[in-house]
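First up is the structure itself, then whatever we jot down about it.
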Amino acid sequence: MLPLTPRYTQLTAKGGGDIGVADAAAPDDLFTTYAVFATIVFTLVVFLFENYLSLRQKSTYHKTEFPQELQTTVGIIDVERAKELKKAAENKKADVTTEDKKETKVDDSENQDDDEADTKSKVDRNAPLLPQLQSKFSAAQSYGLDKVNFSLVSSTYSTLEGIIFVLLGFMPWIWDASCDIGAKYFGYTESENEIKISLIFLLYTTIIGTITGLPWELYSTFWIEKKHGFNKMTVGLFVSDKIKGLVLTMVFGGPFTALLLKIIQLGGDSFYLYVWAFTFVFSAVMMTLVPVVIMPLFNKYEKLPEGSLKDQIYALAGRLDFPLTKLFLMDGSKRSSHSNAFMFGFFKNKRIVLYDTLMTQVYDSEILAILGHELGHWKMGHTVTNFVISHLYMGASFYAFSLCYNSTELYRAFGFDDDARSIPTIIALLLFFSTVWEPIDKALSYAMTVHSRKCEFEADEFSANLGMSQKLQSGLCKIHLENLGAMCPDPWYSTYHYSHPPLVERLSAMMRLDKKTK
């Protein structure tokens, strides 16, 4: 029956009011009457749309014919590579078969796993790329199919869980249970100790969320990733990471939440300005602490060994006036064979981190081209721009929240309908961002995805303008091979979900640039 209200509300818990129907709302209070119904409808529309895109993507994973556009593009890369090697041989330079002997060596003897070596063959850095992509096409299709099937099932569960929790009144029930625990064991009262009860509430929901999400994480890590040769994580390491994550959530998330709630309560009508300043400072501090304090709790960081690669990276940084102070190698291989590289730091204290897996997948010259791409993000202001955009978004969202903060219609609709009790600030925040703000968030998230792809093309162009186009193209192909990336993604799916353009689009764009410069 429509309109809907949660089965558990604060009034029904006291023995008053009807269950499941919004008869308690005023006749002209349309927001309270239809808020739950509208939220469920929006959730289902987003779910159906995103699953439709996933089904489109799934259909591409059933293709057995290697995509012609990728074949043509990578074939050109192989031809250019062959010309380069022939010219080098004619000039009596290093033969390609010895190129890898000059590379910086990384000791990965501790990461060898015979079982995984059998399931995922390594990419030959010396061989032409097209035959390897073609030989890996079936494996990439299988990996993508497993992931998209998993996504379809897990997203269905997540959506149903969210809807059921809303209809049952999970949030008001958990809040009341948190009040009972606070009163029974600590002597807290809702009126005087709201923030402390809010922390109990968050702990309660975090534990429940961890338990309900655990089976999905275990299946993804120890079945899908292991089946396709990526997972190197042991059960012990998985458990250790989980425990560390929960502890860090309490250590950093607890004080952050308490301060945030206090600022909102004491900030008056302009609290959003103080919240904006607080989140800005907190994010800046965390951007400093995470790489230096938190990330070393999960991975080992060592200085990149002395050698030509280290010298060339510092030379590239100097060429671009990038204030590089430290260069690290991270043992990413102890969890996965996926590879990455990233940089962090403020002002004149920049650092670059390379995954050890990257060192064995591509040549030093290709690592330089990849770093040329990453440094392009910095040089072109993408890093600062994204930081500013994220905080403008934060400011706008909290300003919008301030307009709704004192409105009781939203809270009443979701079960907080006892007028004798004040609305907890944490509840007001959660309900606002999961209902009123959610459609705006979806639209802005897509806009940021479009912006991200634009930045990726620009960073590719930056690296190409440094004379590294061919090396970046071959490096991207090798990483794509190692990661079993999608070789024929659905255009709708990739447009909506991919923060990076598909491989063939990036390669084609760089080839067009190469033609212009010749």
Worksheet entry | Sub-4.5 Å side-chain heavy-atom contact between Tyr393 and Leu444 | yes

Worksheet item: Looking only at heavy atoms, what is the nearest atom pair of Leu168 and Pro6, with distance?
Response: C-CB, 4.4 Å

Discussion item. If you apply the rule side chain to side chain contact (heavy atoms under 4.5 Å, CB included), what do you find for Leu304 with Ile313, and how did you get there?
Written reply: CA-CA 11 Å; Leu304 186 69; Ile313 292 175; 4.1 Å; yes

Worksheet item: Shortest non-hydrogen contact from Ala341 to Tyr355?
Response: N-CD1, 4.4 Å

Worksheet item: How about Phe37 and Phe42: are their ring centroids closer than 6.0 Å?
Response: no

Worksheet item: How about His373 and Phe462: are their ring centroids closer than 6.0 Å?
Response: no

Worksheet item: Can any side-chain N or O of His338 pair as donor or acceptor with the backbone N or O of Ser333 at less than 3.5 Å?
Response: no

Practice prompt. Evaluate the side-chain proximity of Met359 to Leu354: yes if any heavy-atom separation is below 4.5 Å, no if none is.
Written response: yes

Discussion item. Would you say that Asn386 contacts Met448 through its side chain, given a criterion of any heavy-atom pair below 4.5 Å between the two side chains?
Written reply: yes

Discussion item. Between Phe280 and Phe387, is the ring centroid distance below 6.0 Å?
Written reply: yes

Item to complete: Look at the side chain of Thr9 and the backbone N and O of Thr12, then say whether any donor-acceptor pair between them is shorter than 3.5 Å.
Response: yes

Discussion item. Applying ring-ring contact (aromatic ring centres under 6.0 Å, His included) to Trp378 and Phe322, what does each step give before you reach the verdict?
Written reply: CA-CA 8 Å; Trp378 169 79; Phe322 181 76; 4.9 Å; yes

Worksheet item: Can you find a heavy atom in the side chain of Ser283 that is under 4.5 Å from one in the side chain of His391?
Response: yes

Worksheet item: For the ring pair Trp216 and Tyr157, is the centre-to-centre distance below 6.0 Å?
Response: yes

Fill in: Arg56 bridged to Asp490 by N-O distance under 4.0 Å
yes

Worksheet entry | Residue pairs passing the salt bridge (Lys or Arg N to Asp or Glu O under 4.0 Å) test where at least one lies in residues 165-182, sequence neighbours excluded | Asp176-Arg421

Worksheet entry | Donor-acceptor contact below 3.5 Å, side chain Ser151 vs main chain Lys147 | no

Item to complete: Please check if the side chain of Ser463 supplies one atom and the backbone of Gly372 the other of a donor-acceptor pair under 3.5 Å.
Response: no

Worksheet item: When you look at Phe256 and Phe278, which way does the side chain to side chain contact (heavy atoms under 4.5 Å, CB included) test go after all the steps?
Response: CA-CA 9 Å; Phe256 169 80; Phe278 170 66; 3.4 Å; yes

Discussion item. Please evaluate residues Lys196 and Glu194 with respect to the criterion salt bridge (Lys or Arg N to Asp or Glu O under 4.0 Å), reporting the C-alpha separation (whole Å), side-chain torsions for both, the decisive distance (0.1 Å), and the verdict.
Written reply: CA-CA 6 Å; Lys196 294 177 181 178; Glu194 181 190 315; over 6 Å; no

Worksheet item: Taking all atoms of both residues into account, what is the closest heavy-atom pair of Pro291 and Met286, and its distance?
Response: CD-O, 4.1 Å

Fill in: Glu190 vs Trp175, side chain to side chain donor-acceptor pair (under 3.5 Å): CA-CA, chis, key distance, verdict
CA-CA 10 Å; Glu190 187 177 18; Trp175 176 258; 2.8 Å; yes

Worksheet, complete the sentence: Correct closest heavy-atom pair for Leu152 and Ser54 would be CD2-CB, 3.6 Å

Worksheet entry | Row check, Phe298 ring normal vs Lys244 NZ/CZ: under 6.0 Å, within 45° | yes

Worksheet item: Hey, is Arg506 close enough to Asp460 for a salt bridge, meaning N to O under 4.0 Å?
Response: yes

Worksheet entry | Which atom of Tyr8 lies closest to which atom of Ala13, heavy atoms considered | OH-CB, 3.4 Å

Discussion item. Within the 4.5 Å heavy-atom criterion, are Tyr496 and Tyr446 side-chain neighbours or not?
Written reply: yes

Practice prompt. Please examine the side chains of Ile427 and Met171, heavy atoms only from C-beta on, and report whether any two atoms are closer than 4.5 Å.
Written response: yes

Discussion item. Please find the pair of heavy atoms, one from Gly254 and one from Leu199, that lie closest to each other, and give the distance.
Written reply: O-CD2, 3.6 Å

Worksheet item: So does Glu225 pair up with Lys232, basic N to acidic O under 4.0 Å?
Response: no

Practice prompt. Return yes if some donor-acceptor pair links the side-chain N/O of Arg453 with the main-chain N/O of Thr495 below 3.5 Å, else return no.
Written response: yes

Worksheet item: Any donor-acceptor pair under 3.5 Å linking the side chain of Asp356 with the backbone of Gly332?
Response: yes

Worksheet item: Are any of the side-chain nitrogens in Glu458 or Lys454 under 4.0 Å away from the carboxylate oxygens of its partner?
Response: yes

Practice prompt. Ignoring hydrogens and angles, tell me if any N or O in the side chain of Thr449 forms a donor-acceptor pair with the backbone of Ser445 under 3.5 Å.
Written response: yes

Worksheet entry | Ser397 (side chain) donor-acceptor with Met394 (main chain) under 3.5 angstrom | yes

Worksheet, complete the sentence: Residue set satisfying side chain to side chain contact (heavy atoms under 4.5 Å, CB included) with Leu237, at least two apart, ordered chain then number -> Met233, Thr234, Asp241, Lys334, Arg335

Fill in: Derivation and outcome, side chain to side chain donor-acceptor pair (under 3.5 Å), residues Glu50 and His497
CA-CA 9 Å; Glu50 293 183 346; His497 285 290; 5.6 Å; no

Practice prompt. Step by step, work out the side chain to side chain contact (heavy atoms under 4.5 Å, CB included) result for Leu261 and Ser198.
Written response: CA-CA 9 Å; Leu261 297 179; Ser198 296; 3.7 Å; yes

Worksheet item: Aromatic ring centroids of Phe401 and Trp437 under 6.0 Å?
Response: no

Worksheet entry | Aromatic ring proximity, centroids under 6.0 angstrom, Phe170 and Phe165 | yes

Worksheet item: For the side chain of Ser402 and the backbone of Tyr399, is there at least one donor-acceptor N/O pair under 3.5 Å apart?
Response: yes

Worksheet, complete the sentence: Between the CD atom in Gln10 and the OH atom in Tyr411, the distance rounded to the nearest 0.5 Å is 13.0 Å

Discussion item. Run Ile40 and Leu167 through side chain to side chain contact (heavy atoms under 4.5 Å, CB included) and show every step you take.
Written reply: CA-CA 9 Å; Ile40 292 175; Leu167 292 177; 3.6 Å; yes

Worksheet item: So do the side chains of Phe238 and Phe222 get within less than 4.5 Å of each other, counting heavy atoms only?
Response: yes

Item to complete: Starting from the C-alpha separation in whole Å, work towards a yes-or-no answer on ring-ring contact (aromatic ring centres under 6.0 Å, His included) for Phe433 and Phe398.
Response: CA-CA 10 Å; Phe433 281 102; Phe398 274 102; 5.7 Å; yes

Worksheet item: Can the ring centroids of Tyr143 and Tyr61 be said to lie less than 6.0 angstrom from one another?
Response: no

Worksheet item: How about Tyr405 and Phe271: are their ring centroids closer than 6.0 Å?
Response: yes

Worksheet item: Can you tell me if Thr60 uses its side chain to pair, donor with acceptor, with the backbone of Pro489 under 3.5 Å?
Response: no

Worksheet item: Would you call Leu324 and Tyr314 a side-chain contact if the rule is heavy atoms closer than 4.5 Å?
Response: yes

